[in-house]
Participant: 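Here it is, the structure in full.
Predicted, not measured: the structure shown is a model, and the values here were computed from it.
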Amino acid sequence: MPPMLPPREKLTICFAHVAYRFGDRFALRNTGLKFIEVRSREELDARVAEADVLVCSGMWRNDLPQIAPKLRFVQSASAGTDQYDREVLTKAGIRLASGQGINANAVSEHAIALMLALLRRIPEARDNQAKHVWRGMMGDFAKREDEAGGKTAVVVGLGRIGGRIARLCKALGMKVVGVRRDVAGGAEGADEVHSFRDLKPLLPRADFLILACPLTDETRNLIDAEAIAALKPTAQLINVARGRVVDEPALIAALAAHKFKGAALDVTAEEPLPASSPLWDMPHVLITPHTGGETHMYEDNVLDFMLENIARLQRGETALVNQIV
């Protein structure tokens with residue numbers, strides 16, 4: 001099969017992101033490959049016609065192939081690829097690869113950090129620090145800090161991120177119940193593994209319900225009002241998946257009524273989270289602004305995948321790392 005991409009000396013890569021420093025990190029590699037970097041959709045529209053390869057995530061629009069006649073490969077800078085219309089890409093002859101696994105360490109560690117923050121009441125301590133309040137010893141068990149050991153984590157999604165979450169929970173002495181689309185994929189360190197269709201009977205066991213699954217037709221609103229109602233009053237929810245995996249109005253209603261203990265959310269149904277959302281002002285909710293994957297290593301991890309896929313396409317190979325189209 002002939003190569004889909006031109007030779008190195010004729011190849012142009014376009015990095016399109018509002019914040020990430022792909023150009024800076026790529027320049028340090030001294031590859032000799034030509035690249036451009038844009039920070040807005042207007043800049044992208046103006047320059048995407050130059051690109052053979054596009055690295056992007058949130059800036060993607062499905063009408064871009066109409067103004068990018070040279071474009072043959074898109075390396076998604078994120079694990080999620082639901083913004084890309086597969087039919088549009090296929091018709092335009094453009095290949096797509098996801099960033100799945102790029103931020104597995106970062107997001108799994110973020111999930112554990114959120115869990116520990118809830119257990120150790122870190123947000124409350126930070127609030128007290130801002131008010132110069134030294135909280136005294138606490139006689140009320142319900143208001144004390146807690147420990148992870150002996151608790152049960154139900155981890156939904158056992159891919160690279162969820163599997164590592166399961167192993168980290170085990171290292172903290174927790175019992176881990178894993179839930180995944182295909183149980184034949186293995187337990188990934190969990191004590192037991194179940195399919196999505198068996199999730200709801202497992203929910204009453206959860207001290208922590210940790211969501212780390214992709215957003216698909218099967219997982220959209222997976223955690224609905226019925227699922228939330230199945231949680232015990234002391235349970236807490238951690239979401240590092242996608243906001244729409246949870247029925248957010250049902251979540252807000254349950255949290256407002258204190259049906260369960262609390263939640264830590266790195267993702268929400270609409271991002272940025274609207275200023276009018278009740279989630280902002282709930283003291284038993286911890287919000288981080290979809291930063292679970294952001295570390296010093298992010299750009300370099302994306303570039304590693306991109307360069308490997310470029311090399312494969314230039315050799316005329318068809319299989320890509322994290323191939324989507």
Participant: With salt bridge (Lys or Arg N to Asp or Glu O under 4.0 Å) as the test, pick out the partner of D52 among R8, R95, K70, K10.
Facilitator: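 Result: among R8, R95, K70, K10, K70 is the only option passing the salt bridge (Lys or Arg N to Asp or Glu O under 4.0 Å) with D52.
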Participant: If you compare all heavy atoms of D247 against all heavy atoms of A225, which two are closest, and at what distance to 0.1 Å?
Facilitator: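 Distance-wise, the nearest heavy atoms are OD2-N, 4.4 Å.
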Participant: Can V133 and D127 be said to form a side chain to side chain contact (heavy atoms under 4.5 Å, CB included), step by step?
Facilitator: CA-CA 9 Å; V133 171; D127 291 344; over 6 Å; no
Participant: For T268 and R244: C-alpha separation, side-chain torsions, deciding distance, then whether side-chain hydrogen bond (donor to acceptor under 3.5 Å, both in side chains) applies.
Facilitator: CA-CA 7 Å; T268 55; R244 296 186 187 278; over 6 Å; no
Participant: Is a side-chain donor or acceptor of N322 paired with a backbone partner of G99 at a separation under 3.5 angstrom?
Facilitator: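 Judged by distance alone, no pair lies under 3.5 Å.
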Participant: With a 4.5 Å cut-off on side-chain heavy atoms, are V179 and D198 touching?
Facilitator: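 SC-SC contact between D198 and V179 ruled out.
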Participant: Measure from the side-chain N and O atoms of T288 to the backbone N and O of H290, and report whether any donor-acceptor pair falls under 3.5 Å.
Facilitator: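 No, because the side chain of T288 does not come within donor-acceptor range (under 3.5 Å) of the backbone of H290.
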Participant: Strictly below 4.0 Å, N to O, side chains only: are E124 and K143 in salt-bridge contact?
Facilitator: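 K143 and E124: not salt-bridged.
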Participant: How close do V193 and G186 get, heavy atom to heavy atom, and via which atoms?
Facilitator: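 Answer, listing the atom of V193 first, then G186: CG2-O, 4.0 Å.
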Participant: Any side-chain heavy atom of L251 sitting closer than 4.5 Å to one from L265?
Facilitator: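 The answer is yes; the side chains approach within 4.5 Å.
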Participant: Rounded to the nearest 0.5 Å, what separation is found between the CD1 atom of I228 and the NZ atom of K259?
Facilitator: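 Between atom CD1 of I228 and atom NZ of K259 there are 12.0 Å.
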Participant: List the steps and the verdict of side chain to side chain contact (heavy atoms under 4.5 Å, CB included) for I13 and M306.
Facilitator: CA-CA 10 Å; I13 302 167; M306 178 203 74; 3.9 Å; yes
Participant: I'd like to know if L89 and M4 are part of one continuous hydrophobic network [Ile/Leu/Val/Met/Phe/Trp/Tyr, side-chain heavy atoms within less than 4.5 Å].
Facilitator: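 Per the 4.5 Å side-chain linkage, M4 and L89 are not co-clustered.
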Participant: In Å and rounded to the nearest 0.5 Å, what is the CZ to OG1 distance from F208 to T152?
Facilitator: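 Result: 11.0 Å between the selected atoms.
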Participant: For V245 versus C213, what's the shortest heavy-atom pair and its separation?
Facilitator: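 The pair with the smallest heavy-atom distance is CG1-SG, 3.9 Å.
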Participant: Does atom CD of E9 have more than 12 heavy-atom neighbours, drawn from other residues, nucleotides or ligands, at distances under 6.0 Å?
Facilitator: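 For E9, atom CD is crowded (more than 12 foreign heavy atoms under 6.0 Å).
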Participant: So which of L211, I165, I161 actually passes side chain to side chain contact (heavy atoms under 4.5 Å, CB included) with V155?
Facilitator: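 The passing option is I165.
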Participant: Is there side-chain contact between W60 and V74, with at least one heavy-atom pair below 4.5 Å?
Facilitator: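 The answer is yes, as the side chains (C-beta and beyond) meet within the 4.5 Å cut-off.
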Participant: Do other residues, nucleotides or ligands put more than 12 heavy atoms under 6.0 Å from the CZ atom of R126?
Facilitator: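 No, not enclosed.
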Participant: Under 3.5 Å, which donor-acceptor pairs link side chains of residues 14-24 to any protein atom two or more places apart or in another chain?
Facilitator:
residue: H17; atom: ND1; partner: A19; partner atom: N; Å: 3.0
residue: H17; atom: ND1; partner: Y20; partner atom: N; Å: 3.1
residue: Y20; atom: OH; partner: E294; partner atom: OE2; Å: 2.9
residue: R21; atom: NE; partner: D24; partner atom: OD2; Å: 2.8
residue: R21; atom: NH2; partner: D24; partner atom: OD2; Å: 2.5

Participant: Check whether K151 reaches the backbone of E147 with its side chain - one donor and one acceptor, N or O, closer than 3.5 Å.
Facilitator: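 At least one qualifying donor-acceptor pair exists.
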Participant: Count I, L, V, M, F, W, Y as connected when their side-chain heavy atoms are under 4.5 Å apart, and connections chain through other members. Are L279 and L114 then in the same cluster?
Facilitator: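 Not linked; separate clusters.
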Participant: Under a 4.5 Å cut-off applied to non-hydrogen side-chain atoms, are V176 and E192 in contact?
Facilitator: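 Not in contact.
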Participant: Kindly check if the number of other-residue, nucleotide or ligand heavy atoms within 6.0 Å of CZ (R181) is above 12?
Facilitator: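 Incorrect, the count does not exceed 12.
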Participant: I223 versus N239: any side-chain heavy-atom pair under 4.5 Å?
Facilitator: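 Answer no - side chains too far apart.
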Participant: May I ask you to check whether over 12 heavy atoms, not counting those of E50, lie within 6.0 Å of atom CD?
Facilitator: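 Count over threshold, so yes.
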Participant: Between R242 and E271 (salt bridge meaning N to carboxylate O under 4.0 Å), is one present in this structure?
Facilitator: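 The answer is no: the pair does not qualify as a salt bridge.
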Participant: Could you tell me whether a side-chain N or O of H284 sits under 3.5 Å from a main-chain N or O of L255, the two making a donor and an acceptor?
Facilitator: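 Checked: pair present.
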Participant: Using modelled atom types only, decide if a donor and an acceptor are shared between the side chain of Q75 and the backbone of S98 within a distance under 3.5 Å.
Facilitator: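 Checked: pair present.
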Participant: So does L273 get a backbone contact from the side chain of S277, meaning a donor-acceptor N/O pair under 3.5 Å?
Facilitator: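 Absent.
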Participant: So that I can tick it off, tell me whether D191 and K170 are bridged by a salt bridge, with the cut-off set at under 4.0 angstrom between side-chain N and carboxylate O.
Facilitator: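 Yes, charged N to carboxylate O under 4.0 Å.
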Participant: CG/L209 to CG/L237 distance, rounded to the nearest 0.5 angstrom?
Facilitator: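 Here the interatomic distance stands at 5.0 Å.
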Participant: Please determine whether residues L54 and V38 belong to a single hydrophobic cluster, defined as Ile, Leu, Val, Met, Phe, Trp and Tyr linked transitively by side-chain heavy-atom distances below 4.5 Å.
Facilitator: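 The answer is yes; both residues are in one hydrophobic cluster.
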Participant: Do F305 and F26 sit in the same hydrophobic cluster, where Ile, Leu, Val, Met, Phe, Trp and Tyr count as joined when their side-chain heavy atoms come under 4.5 Å apart?
Facilitator: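 F305 clusters together with F26.
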Participant: What verdict does the side chain to side chain contact (heavy atoms under 4.5 Å, CB included) test give for L118 and K261, after you've listed the backbone C-alpha separation in whole Å, the side-chain angles of each residue and the deciding distance to 0.1 Å?
Facilitator: CA-CA 10 Å; L118 293 179; K261 190 172 182 179; over 6 Å; no
Participant: Show your working on salt bridge (charged side-chain N to carboxylate O under 4.0 Å, His left out) between R29 and D304 and close with a plain yes or no.
Facilitator: CA-CA 11 Å; R29 299 191 178 212; D304 287 344; 2.9 Å; yes
Participant: Treating Ile, Leu, Val, Met, Phe, Trp and Tyr as nodes and any side-chain heavy-atom pair under 4.5 angstrom as an edge, say whether V107 and V267 lie in one connected cluster.
Facilitator: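 No; tracing contacts between hydrophobic side chains, which count when under 4.5 Å, never links both residues.
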Participant: Counting neighbours of CG on D217 that are heavy atoms of other residues, nucleotides or ligands and sit closer than 6.0 Å, is the number greater than 12?
Facilitator: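 Counting other residues, nucleotides and ligands, CG of D217 stays at 12 neighbours or fewer.
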Participant: When rounded to the nearest 0.5 angstrom, what distance separates CG in N309 from CD in Q314?
Facilitator: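 So the CG of N309 and the CD of Q314 are separated by 11.5 Å.
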Participant: Closest approach of L158 and A187, non-hydrogen atoms and distance?
Facilitator: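 Here L158 and A187 meet closest at CD1-O, 3.6 Å.
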Participant: Is there a donor-acceptor pair closer than 3.5 Å between any side-chain N or O of T216 and the backbone N or O of T219?
Facilitator: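 Side chain of T216 to backbone of T219: a pair is present.
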Participant: Using side-chain heavy atoms (C-beta onward) and a distance below 4.5 Å, is V53 in contact with R72?
Facilitator: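 V53 does not reach R72 side chain to side chain.
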Participant: Going by an N to O cut-off under 4.0 Å, is there a salt bridge joining E43 and R47?
Facilitator: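 No, no charged N to carboxylate O under 4.0 Å.
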Participant: Counting only N and O atoms by type, is there a donor-acceptor contact under 3.5 Å from the side chain of S108 to the main-chain atoms of N105?
Facilitator: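 Looks like yes, one N/O pair under 3.5 Å.
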Participant: Should Y298 and N103 count as side-chain neighbours, where that means a heavy-atom distance under 4.5 Å?
Facilitator: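 Yes, at least one pair of side-chain atoms sits under 4.5 Å.
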Participant: Can you tell me how far CG of L172 sits from CG of L116, rounded to the nearest 0.5 angstrom?
Facilitator: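 Going from CG on L116 over to CG on L172, the span is 6.0 Å.
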Participant: Under 3.5 Å, side chain of N62 to main-chain N/O of Q83, donor-acceptor pair present?
Facilitator: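 It does hold such a pair.
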Participant: Determine the minimum heavy-atom distance between R120 and D146, stating which atoms define it.
Facilitator: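 Taking R120 first and D146 second, the nearest heavy atoms are NH1-O, 2.9 Å.
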Participant: List the steps, then state whether salt bridge (charged side-chain N to carboxylate O under 4.0 Å, His left out) holds for R164 with E188.
Facilitator: CA-CA 8 Å; R164 191 160 187 260; E188 294 292 341; over 6 Å; no
Participant: Please determine if K200 and D224 form a salt bridge, counting it only when a charged side-chain N lies under 4.0 Å from a carboxylate O.
Facilitator: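 Salt bridge flag = yes for D224 with K200.
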Participant: Distance check, rounded to the nearest 0.5 Å: D207 atom CG versus C169 atom SG?
Facilitator: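 It comes to 11.0 Å.
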Participant: Could you check if a side-chain atom of E218 sits within less than 4.5 angstrom of a side-chain atom of R220, using non-hydrogen atoms only?
Facilitator: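 Counting from C-beta outward, E218 and R220 never come under 4.5 Å.
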Participant: For atom CZ of R135, decide whether the heavy atoms of other residues, nucleotides or ligands shown that lie under 6.0 angstrom number more than 12.
Facilitator: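 It does: R135 CZ has more than 12 such atoms within range.
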Participant: Over all heavy atoms of both residues, which pair between R160 and A104 is shortest? Give the atoms and the distance, please.
Facilitator: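 So the two residues come closest at CB-CB, 3.8 Å.
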